[in-house]
Amino acid sequence: MDRIYLDYAATTPVAPKVIEAMLPYFTDHFGNPSSAHFYGQQAEEALHNARNRMLKLFNGSGYEVIFTSGGSESDNLAVRGLAFAERDKRGASQILVSSVEHHAVSETSRQLQQQFGFESRKLRVDKYGFVDLDFLEESLSKDVALVSIIFANNEIGTFNDMKTIAMICHQKGIPLHTDAVQAAAHWGVDLQEIQVDLFTVGAHKFYGPKGVGALIKRKEINMAPQITGGAQENHSRAGTENVPYISGMVKALECLRENLDAENDRLTKMRDLLINGVVSNVRGASLTGHPQMRLPNHASFVIEGINGNNLMIALDMAGFAVSSGSACKVGNPKPSEVLLALGLDPDLALGSLRVSLGKTTTQADIDKLIAILPALVDRLRNGTVK
Ligand SMILES: *Cc1c(COP(=O)(O)O)cnc(C)c1O
């Protein structure tokens, strides 16, 4: 059977050039960057080089890079590390997060409330998933330790106006973190322009390896480290750095940037044809997230009268890999909190479908999906496919 992968928002294959860039650091240049001898110096040089290239890619003068094990760890370090540091510094104990965060942020702030005495507050979003800016402004008191707002949403594709959000937070002197794991996979974000204080990146969403990411942080912001031990990463994250994966991540970003605009145009065209095709051919299907202000590769829907997990399985049997809501929720029959935050009915929210496109996607793939979907949905509704 021909298989078609349409789940690039869950993960991407590692680009061949990235593998090539990583290989020397497993073998010839295997040293520990903290060792003072020749082997260590070679590894330290690679690390230093990767850090500078990373900062250049995001126009991050005034910022520093903390390499981590991925998007989830960067989110944890930002939210947890800032919460503890700000409470120590000025007694602030509220954490404001949007109601459409990735679990790496929402569960972290939940735990900080349940076990560490913080108060976690949710910021309202509108029906597209945009954070309500007036509500944000009203919620910013001096008791707020930090704000964390997702840049581009992994479930519904919508992206927030981070520049304005940063301005609002800074007027009240509150530090802002953004989870930019999806955003950084599609845009050349300029930190001088958007001015957020902490910025999460994860490599496996942009053709880099799994298990590596970065937190890019304004230099003057203090965080309590969450992994303690050695002095690596400027005392922000102990542990010997993963030099091969870090080198691969930076290479992946550079490759991505080479062809960004043309690739985004190509993806956007296919995305819009897919959205139109599904909404006009599948009975009871509607788009979730904003129609234009969304990731170029991202189409997400809710479909009346079906269960999204069953649809995902049926599509898998037909050779299409898609997702229902978020990859982290497989086997979980509860509707996604993100979809509920948009104001969707819980039953309808169970019928979610996410199709995300990437490098190997062609218009023919999209046409095939649109051709098969209406009948498959009807069969699921009538109970003729389980
Ligand atoms: C994938 C993803 C994460 C988690 O990143 P990992 O590297 O898989 O830990 C966090 N936030 C968003 C928006 C994501 O898409």
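In this text, all values refer to a predicted model and were calculated from it rather than measured experimentally. Counting starts at 1 for both ligands and their atoms, following the listed order.
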For this session: State, without any angle test, whether Thr360 and Tyr8 hold a side-chain donor-acceptor pair at a distance under 3.5 Å.
Result: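 The answer is yes; a qualifying pair exists.
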
For this session: Return the protein residues near ligand 1 (heavy atom under 4.0 Å from any of its atoms), ordered by chain and residue number.
Result: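 The 4.0 Å shell around ligand 1 contains Gly70, Gly71, Ser72, Asp75, His102, Ile150, Asn154, Asp179, Val181, Gln182, His204, Lys205.
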
Exercise. When Ile, Leu, Val, Met, Phe, Trp and Tyr are grouped by side-chain heavy atoms lying under 4.5 Å apart, directly or through other members, which residues fall in the same group as Leu112?
Worked result: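 Its cluster partners, ordered by chain and number, are Ile66, Leu77, Val79, Leu82, Phe84, Ile95, Val97, Val105, Phe116, Phe118, Leu146, Leu198, Leu215, Ile221, Met223.
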
For this session: Please say which of Arg218, Lys217, Arg237 ends up in a salt bridge (charged side-chain N to carboxylate O under 4.0 Å, His left out) with Glu64.
Result: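 Testing Glu64 for a salt bridge (charged side-chain N to carboxylate O under 4.0 Å, His left out) against Arg218, Lys217, Arg237 leaves exactly one candidate, Lys217.
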
Exercise. Under 6.0 Å between the ring centres of Phe30 and Tyr25?
Worked result: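 Between Tyr25 and Phe30, which both carry aromatic rings, the centre distance is not below 6.0 Å.
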
For this session: Would you kindly check if the NZ (Lys) or CZ (Arg) of Lys359 is within the cone defined by 45 degrees around the ring axis of Tyr207 and under 6.0 Å from the six-membered ring centre?
Result: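 Yes - Lys359 lies over the ring of Tyr207, closer than 6.0 Å to its centre and within 45° of its axis.
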
For this session: May I ask you to decide if the ring planes of Trp187 and Phe151 are parallel, tilted or perpendicular, using 30° and 60° as cut-offs?
Result: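 Ring orientation, 0 to 90° scale: tilted.
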
